[in-house]
**Q** 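I'd like to ask you about the structure that follows.
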Amino acid sequence: MIAEPVPHGRANSAVVDRGPTALRIAVGGQLRKLREENGITREAAGEHIRGSHAKISRLELGRTGFKERDIRDLLTLYKVDDPGEREQFLDLVRKANEPGWWHRYSDLLPQWFETYLGLEYAAKSIRTYEGQLVPGLLQTPDYARSIVALGHDEDGERRVSLRRTRQELLTRPSAPSFWAVLDEAVLHRPVGGAAVLHDQILQLIELSKLPNVTIQVLPYTAGGHAAAGSSFTMLRFAENELPDIVYLEQLTSALYLDRRQDLELYRQVMDQLSVQAEPPERSRKLLAEVAASLV
């Protein structure tokens, strides 16, 4: 019998709605539970599918796509013999292998950012600190267009379209909680000019009214802080099989941190920033004051 949370090979509809990355994590968790219930080591499972224990680990963490032949062989090894259960499980595997919505933009995206989009879409909560620019999930089209123009001469409108599609994440039925701390410098950097920044700040005010969105401003008067010079994002997932992830974006690559000591450090820094920043209501008033000064 296939264990919870995917009984009889079915996935919770909320997991399916959160995209293929979340579904891979859920299916991988089922594979791990089946293996452990049968007392089979990762090494033995790897040998059974002509692979290694590292491959089994990647499958169980949902960090790679599934080959149906491998899954059929593992189900046999794990004594899942009922034809109906096997087919339901394989149907989940096929859904997990489907490309995410971002696949149609794959010609624009480096692999390391495609990975992030999948994780972002699968997350149940997102916390971010931004010291320079408005986070992508909160940008207006004109602000995004101005950012894109700084680094790309071609496909600018498709890149803006990609960002707008990403933003649907915040208003979908299974939307994650989103908590952003913005350095006050973000509000004074005239990306695209004063009019663009004005409209962007007004959008921040409106988005901060969503029940799942919290925006705080870290004022200059807060002085020094532990995240100075380093923007970062923390992702948390509903699935126990995947640990929190800290995402650090660089010019040509990104770092994904999931070691316990790293997570604890960034969690402490984020908590400290949230205390130093203005509370949400005061932050909204500060945003309104800055917007008024730009008229």
Side-chain angles (χ1 to χ4, degrees), residues 1-106 111 114-125 165 168-169 172-176 235-245 256 258:
M1 187 70 66
I2 296 173
E4 293 290 329
V6 188
H8 302 287
R10 293 192 300 273
N12 183 299
S13 60
V15 176
V16 175
D17 289 344
R18 285 177 19 244
T21 301
L23 193 50
R24 279 203 309 271
I25 295 166
V27 170
Q30 297 311 303
L31 290 173
R32 178 183 59 79
K33 289 176 183 177
L34 286 168
R35 178 180 58 77
E36 292 176 346
E37 285 172 1
N38 284 276
I40 297 170
T41 65
R42 287 194 180 93
E43 288 76 9
E47 289 179 7
H48 191 74
I49 62 169
R50 304 154 296 279
S52 65
H53 69 91
K55 180 176 181 178
I56 296 297
S57 180
R58 289 194 299 272
L59 288 173
E60 292 180 352
L61 289 171
R63 293 183 178 175
T64 186
F66 304 111
K67 292 182 180 178
E68 281 197 38
R69 184 183 71 170
D70 290 342
I71 303 306
R72 289 182 188 276
D73 289 346
L74 287 174
L75 291 177
T76 298
L77 179 65
Y78 300 155
K79 299 181 176 62
V80 180
D81 301 318
D82 181 84
E85 285 192 26
R86 289 173 66 91
E87 189 53 38
Q88 287 175 336
F89 199 98
L90 290 168
D91 185 57
L92 284 183
V93 166
R94 295 179 193 112
K95 286 184 171 66
N97 281 338
E98 290 176 359
W101 63 262
W102 53 90
H103 182 71
R104 63 182 181 272
Y105 298 100
S106 59
Q111 181 60 50
E114 282 197 64
T115 299
Y116 175 75
L117 290 179
L119 293 170
E120 178 183 76
Y121 200 74
K124 75 170 184 177
S125 71
T165 304
E168 295 174 6
L169 171 74
R172 74 183 188 199
S174 55
L235 304 172
R236 174 164 287 182
F237 306 89
E239 292 73 26
N240 293 330
E241 289 78 20
L242 194 68
D244 294 359
I245 290 176
Y256 294 86
D258 60 5

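A quick note: this is a predicted structure, and the numbers were derived from the prediction, not measured.
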**Q** Kindly compute the distance separating OG1 (T21) from OH (Y121), expressed to the nearest 0.5 Å.
**A**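 Those atoms lie 10.5 Å apart.
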**Q** Looking at P20 and A96, what are the two nearest heavy atoms and their distance?
**A**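 Heavy-atom minimum between the residues: CB-O, 3.4 Å.
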**Q** Does the side chain of L117 reach to within under 4.5 Å of the side chain of E114, using non-hydrogen atoms?
**A**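 When only atoms from C-beta onward are counted, E114 and L117 do not touch, as no gap falls below 4.5 Å.
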**Q** Check L61, T41, I49 against I56 for a side-chain contact (heavy atoms from CB on, under 4.5 Å) and give me the one that passes.
**A**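 In the set L61, T41, I49, the residue that makes a side-chain contact (heavy atoms from CB on, under 4.5 Å) with I56 is I49.
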**Q** I'd like to know if the side chain of N38 and the backbone of Y78 have a donor-acceptor N/O pair within less than 3.5 Å.
**A**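 A pair under 3.5 Å: yes.
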**Q** Using the side-chain contact (heavy atoms from CB on, under 4.5 Å) definition, which of the options L23, D70, V27 pairs with V93?
**A**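 Of the listed options, the one satisfying the test is V27.
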**Q** For R94, is there an ion pair with E98 - N to carboxylate O distance below 4.0 angstrom?
**A**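 Not counted as a salt bridge, because no side-chain N and carboxylate O are separated by less than 4.0 Å.
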**Q** Does S106 reach the main-chain N or O of W102 with its side chain, forming a donor-acceptor pair under 3.5 Å?
**A**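 Looks like no, no N/O pair under 3.5 Å.
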**Q** Apply the side chain to side chain donor-acceptor pair (under 3.5 Å) test between E60 and each candidate in R35, R32, K55; give the one that qualifies.
**A**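 Only one of R35, R32, K55 forms a side chain to side chain donor-acceptor pair (under 3.5 Å) with E60, namely R35.
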**Q** Any idea which heavy atoms bring R236 and D244 closest together, and the distance?
**A**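 Minimum heavy-atom contact is NH2-OD2, 2.7 Å.
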**Q** For L77 and A45, which heavy atoms make the closest approach, and how far apart are they?
**A**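 Smallest interatomic distance, heavy atoms only, reads CD2-CA, 3.9 Å.
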**Q** What's the spacing between D81 CG and T76 OG1 if we round to 0.5 Å?
**A**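 Spacing of CG (D81) from OG1 (T76) equals 7.0 Å.
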**Q** Carefully, step by step, assess Q30 and V80 under the rule side chain to side chain contact (heavy atoms under 4.5 Å, CB included).
**A** CA-CA 12 Å; Q30 297 311 303; V80 180; over 6 Å; no
**Q** If you count the non-hydrogen atoms of other residues, nucleotides and ligands that lie under 6.0 Å from CZ in R50, is the total more than 12?
**A**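 More than 12 within 6.0 Å, yes.
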**Q** Is Y256 reaching over with its side chain to a backbone N or O of Y116, donor-acceptor style, under 3.5 angstrom?
**A**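 Such a contact is found between Y256 side chain and Y116 backbone.
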**Q** Nearest 0.5 angstrom please: K67 NZ to L74 CG, how far?
**A**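 K67 atom NZ to L74 atom CG measures 12.5 Å (nearest 0.5 Å).
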**Q** So, R42 side chain and H53 main chain: donor-acceptor pair closer than 3.5 Å or not?
**A**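 Checking the backbone N and O of H53 against the side chain of R42, no donor-acceptor pair under 3.5 Å is found.
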**Q** To the nearest 0.5 Å, what is the distance between CD on E68 and CG on D73?
**A**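 Reported to 0.5 Å precision, the distance equals 11.5 Å.
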**Q** Could you grab the distance from atom CG of L34 to atom CG of L75, nearest 0.5 Å is fine?
**A**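 Reported value, rounded in 0.5 Å steps: 7.0 Å.
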**Q** Could you tell me whether the side chain of N97 and the main chain of G65 form a donor-acceptor pair under 3.5 Å?
**A**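 It does not hold such a pair.
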**Q** How many angstroms lie between CD in Q88 and CD in E85, if you round to the nearest 0.5 Å?
**A**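 One gets 7.0 Å once the value is rounded to the nearest 0.5 Å.
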